[in-house]
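Notes follow the structure.
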Amino acid sequence: MKNIPYQPQNFEKKWQEYWDMEKTYKSEISNQKSDNKQYVLAMFPYPSGAGLHVGHVRVYTGTDVTARFYRMSGRSVLHPMGFDAFGLPAENAAIKAKKNPMDMVPEHIETFKKQMKSLGLSYDWDREFSTTDPSYYKWTQWLFIQFYKMGLLYKKDTPINYCPVCKTGLAEEEVLPNGTHERCGNKITKKDLPQWIFKITKYADRLLADLKDLDWPEGILAMQRNWIGKKEGVIIHHKVDGMNIQLDTFSAYPAWLFADTFIVIAPEHPSVQKLVKGTQYEKEALNFIEEHKQMTQQEILSGNFEKKGVFTGKYALDPFNNNRKMPIWLANFALMDFGTGIIRCSAHDIRDYEFAQKYKIELDEVVDRVDKKIPVNAHDNSGTLKNSGPFSGRKIDQKLIKDVLDWVEETKIGKREVSYHLRDWIFSRQRYWGEPIPMIYCQKCQWQPVAEKDLPVKLPYVKSYEPTESGESPLSTIKEWVNTDCPKCGQPAKRETDTMPNWAGSCWYFLAFPFWNKESQSRVFHSSGSPGQAGFPSRSKQTFSTPSLASWAQQFKKSSNWLPVDRYLGGAEHAVLHLLYARFWVKALYDLKLLNFKEPFLKLSNVGMILAEDHRKMSKSWGNVINPDDVIKEYGADALRIYEMFMAPFSTEIPWSTEALQGAYRFVKRVWEIYQKIYGQSGSRTSEVGERSGKTSEVKLMAKLNKTIKKVTSDIPQVKFNTSIAAMMEFLNEWESASAKASANKGKMPLSKENAKKFLQILAPFAPFLSEEIWKTVFEEKQSIHLSSWPKVEGETAEEQIIIPVQVMGRLRDTITIQSSKRSDQKFIEELALKSEKVKKYLTTKPKKTIYVPGKIINFIT
RNA sequence: GCCGGGGUGGCGGAAUUGGUAUACGCGCAGGACUUAAAAUCCUGUGGUUGCAUAAACCUUAUGGGUCCGAGUCCCAUCUCCGGCACCA
């Protein structure tokens with residue numbers, strides 16, 4: 001009888017359907033003990049028309065391996081999947097395809113799901129949702145209202161970053177350093193538009209402090225820290241000579257406060273007008289301000305520009321130096337939104353120094369440096385102070401800084417102050433494809449949240465949804481939708497027409513999975529009318545259960561066992577935006593007592609990007625895209641999964657290699673073949689399978705198997721998938737040569753059925769199809785391998801033989817092999833080592849000293 | 001400039017955290033099978049010297065240091081990648 005060749009296409013579909021039907025991966029929390037649960041999550045995808053990318057495959061396989069491992073280890077596992085489908089890319093794609101995103105998104109989701117199933121990802125599909133489902137975004141809107149009620153949202157007419165191509169306002173974080181929009185790459189301009197703004201700055205301190213509890217990559221933590229950008233410093237109050245106004249400055253370097261000789265102020269600072277009004281300097285100042293406004297955009301683009309300023313004609317009085325007169329200058333480098341917008345300047349700063357040189361402003365020095373090579377204007381905290389009032393002669397150190405700050409506060413010259421880089425979060429988008437912001441404007445009652453019973457405020461299905469020329473949301477043109485009644489007084493009122501940014505849905509989706517179920521799903525967008533017709537939310541036909549604080553609390557109670565997320569896997573490109581926003585929402589919800597934890601993601605692992613074979617990014621325009629469907633078709637899903645887990649450490653960026661993929665294919669094929677050969681139909685008849693201890697090859701192989709099980713068991717939780725697979729490859733190599741030897745000698749096969757099953761089990765998380773097929777057809781098991789118990793290494797197993805390197809003076813000269821650690825006492829090893837000819841050659845005299853690390857190494861010192 | 005992470009064969013990378021450096025895979029070379037090729041299998045593969053499967057020496061970016069022993073720890077330097085940046 002012939003062995004069955006490895007043809008994954010013959011059985012992969014079968015098992016997909018079987019797992020679906022059997023609900024093999026349904027998540028159920030079996031007990032109340034939270035230490036037995038694992039919530040494993042990958043950052044959910046944006047379902048684009050291009051379908052899954054091999055990069056998606058990498059993250060999702062990563063969580064899948066982890067989830068399968070924990071499931072087999074007896075944990076309660078939550079491994080869900082959803083779709084993040086609101087936002088600009090989908091809307092722009094829809095405009096391009098001349099399709100309504102409401103019709104397009106579900107099609108894309110179907111493609112994604114189909115591809116995910118073909119990869120054998122073990123999701124609990126009953127929990128699936130898309131952020132665009134009204135049944136989901138009713139909650140997003142409900143959360144908005146809660147945040148509004150707790151005072152975290154305000155509407156403000158404010159100059160904002162505006163993308164003229166996307167025709168929408170943007171958050172600070174969405175603008176790249178070169179002044180372009182992070183999504184579309186076009187140049188940003190400034191525009192005044194009324195915006196809903198989130199007071200994320202209120203949480204700056206907590207967002208920073210709580211980072212210390214997180215098991216996240218150091219780089220991501222650093223990026224979050226930098227973004228929040230906390231600076232502790234001091235505010236100094238100044239009187240202006242001959243005027244009745246106060247100027248406050250911010251300084252982060254209190255040691256040099258006595259050195260400051262002049263002050264610069266941001267051109268857009270409100271006090272500027274007062275300072276120059278009616279003076280001979282007014283005209284020049286106004287010109288400068290105007291010029292500065294013009295320059296703003298170019299400045300962002302060029303990055304580097306000339307430091308310029310004009311004198312205001314006024315002087316501030318320096319409280320540090322007996323009210324010495326400090327000239328006040330307008331300067332184009334003073335930022336209105338950092339510190340107070342006003343800076344005390346001194347010689348001990350490169351920029352200040354250069355500015356003073358340029359405009360011939362007097363400078364003063366207060367530092368005696370030990371190292372004379374350090375330039376005056378370097379930010380260097382060494383040396384001793386001079387000309388610094390009570391602090392002259394003091395060494396610059398932490399104690400001095402503290403004393404200066406204390407003194408400043410005692411003398412009421414100023415006070416300690418903390419400044420942040422983090423800005424409030426602009427939450428309005430003037431676009432169609434997003435969650436409508438559930439607010440209503442009434443002439444009399446001002447802004448009012450939509451009543452809970454009227455949620456969701458459904459996005460109307462419309463023909464035209466392209467951005468308007470005025471910069472207003474396209475929703476504003478739909479009168480029937482806009483006009484409504486005030487929830488408070490009942491008078492005619494208007495809906496907010498801005499929508500939420502893409503981030504809204506992803507800020508809390510991980511909180512939704514635990515309580516989501518098939519019944520809560522609804523991908524129906526039309527509450528009335530047929531596609532192409534406008535459909536509006538109808539209060540009489542409300543089909544959604546009414547969300548309320550009570551019902552949330554109820555839902556949460558049911559699901560709280562799962563939370564927070566234990567393992568979160570995703571790309572480093574979300575280091576700031578998504579992760580910061582989600583952390584912020586969780587903290588706000590904690591304050592609302594809707595959650596009992598403060599951080600959403602306990603352990604975060606980054607996935608590295610997969611580049612094309614030519615080392616460039618995969619892109620349609622380069623024609624270098626690898627489609628996972630094609631790979632699966634040719635090599636099967638298991639080979640693709642094994643390859644992507646083996647190609648490099650999980651977080652490393654790496655180019656695709658079809659040759660290396662073939663190596664992975666060879667591995668799964670060899671696994672298939674050895675099981676067929678030994679335990680398959682032909683195998684079981686021709687060769688006796690047995691396990692008898694005593695024979696060296698069998699003992700060795702069992703030791704190797706145990707070592708491999710241990711390795712895989714400890715590697716998976718550490719996200720070290722590549723070394724897990726390497727260990728399994730090593731085992732297969734040994735197993736193959738041992739069985740080849742056995743069949744040559746017509747001996748028994750070196751691995752019993754039970755032990756052969758163990759290897760299949762540890763392979764199962766990586767190669768779910770192949771392992772299930774062998775499990776069910778070769779071993780004729782009834783239950784899925786993925787519900788079997790992870791193999792344990794019994795205590796009483798044979799040990800692998802131990803090789804002990806022998807060194808003379810720290811140089812390797814020979815190795816000795818012992819069969820068991822029981823023979824590893826020093827005397828025995830030493831005698832053995834001294835017998836070696838090679839060792840004798842280098843050991844001409846008796847060693848003065850012998851260093852022996854049991855079971856590790858022996859070193860003779862002469 | 002500031003913050004973070006790296007630098008190990010021809011390539012991706014391993015190394016139980018101070019104990020045989022180069023596991024595993026790819027590639028390459030030689031061989032088997034084949035009319036031939038592909039596929040598959042076997043053997044070899046860090047460098048130098050060497051007929052050698054004898055032996056010796058060298059080797060984890062560079063230079064020092066600690067230690068019986070360093071890819072791993074310490075100091076300095078070079079360099080690459082990622083992030084931030086007129087931030088006072």
*Does A:Tyr643 have any ring-ring contact (aromatic ring centres under 6.0 Å, His included) partners at least two apart in sequence or in another chain, and if so, which?*
A:Trp656

Check: protein-nucleotides 22-24 of chain B nitrogen or oxygen pairs below 3.5 Å:
residue: B:A23; atom: O2'; partner: A:Glu730; partner atom: OE2; Å: 3.0

*For RNA chain B, what residues of residues 832-843 of chain A have any heavy atom nearer than 4.0 Å?*
A:Lys841, A:Tyr842

Please set out all donor-acceptor pairs under 3.5 angstrom arising from side-chain atoms of residues 714-721 of chain A, sequence neighbours excluded.
residue: A:Ser714; atom: OG; partner: A:Lys711; partner atom: O; Å: 3.3
residue: A:Asp715; atom: OD2; partner: A:Lys711; partner atom: NZ; Å: 3.4
residue: A:Asp715; atom: OD2; partner: A:Thr723; partner atom: OG1; Å: 2.7
residue: A:Asp715; atom: OD2; partner: A:Ser724; partner atom: N; Å: 3.4
residue: A:Gln718; atom: NE2; partner: A:Ser714; partner atom: O; Å: 2.8

Using a 3.5 Å cut-off and no angle test, enumerate the donor-acceptor pairs between side-chain atoms of residues 604-614 of chain A and protein atoms at least two apart in sequence or in another chain.
residue: A:Asn606; atom: ND2; partner: A:Gly570; partner atom: O; Å: 3.1
residue: A:Glu613; atom: OE1; partner: A:Thr658; partner atom: OG1; Å: 3.4
residue: A:Glu613; atom: OE2; partner: A:Thr658; partner atom: N; Å: 2.9
residue: A:Asp614; atom: OD1; partner: A:Arg616; partner atom: N; Å: 3.0
residue: A:Asp614; atom: OD1; partner: A:Asn624; partner atom: ND2; Å: 3.2
residue: A:Asp614; atom: OD2; partner: A:Arg616; partner atom: NE; Å: 3.2
residue: A:Asp614; atom: OD2; partner: A:Arg616; partner atom: NH2; Å: 3.2
residue: A:Asp614; atom: OD2; partner: A:Asn624; partner atom: ND2; Å: 3.2

Dump the pairs, protein N or O against N or O of nucleotides 4-6 of chain B, anything under 3.5 Å, distances to one decimal.
residue: B:G4; atom: O2'; partner: A:Gly219; partner atom: N; Å: 3.3

What pairs of nitrogen or oxygen atoms, one from the protein and one from nucleotides 37-43 of chain B, lie under 3.5 Å apart?
residue: B:U40; atom: OP1; partner: A:Arg666; partner atom: NE; Å: 3.1

*RNA chain B: stems of at least 3 consecutive Watson-Crick or G-U pairs whose donor-acceptor distances fall under 3.5 Å*: B:1-7 with B:78-84, B:10-12 with B:24-26, B:27-32 with B:40-45, B:46-49 with B:55-58, B:61-65 with B:73-77

_Taking syn as a glycosidic torsion within 90° of 0 and anything else as anti, which one is B:U17?_
syn

Result block: side-chain N/O donor-acceptor pairs under 3.5 angstrom for residues 808-815 of chain A, not counting sequence neighbours:
residue: A:Arg813; atom: NH1; partner: A:Tyr842; partner atom: OH; Å: 3.3
residue: A:Asp814; atom: OD2; partner: A:Ser836; partner atom: OG; Å: 2.7

*Who passes ring-ring contact (aromatic ring centres under 6.0 Å, His included) against A:His238, sequence neighbours left out?*
none

*asked:* A:Glu653: which residues meet the side chain to side chain donor-acceptor pair (under 3.5 Å) condition with it, sequence neighbours left out?
replied: none

Enumerate the protein-to-nucleotides 68-71 of chain B contacts in which both atoms are nitrogen or oxygen and the separation is below 3.5 Å.
residue: B:C68; atom: O2'; partner: A:Asn859; partner atom: ND2; Å: 3.3
residue: B:C68; atom: O2; partner: A:Asn859; partner atom: ND2; Å: 2.5

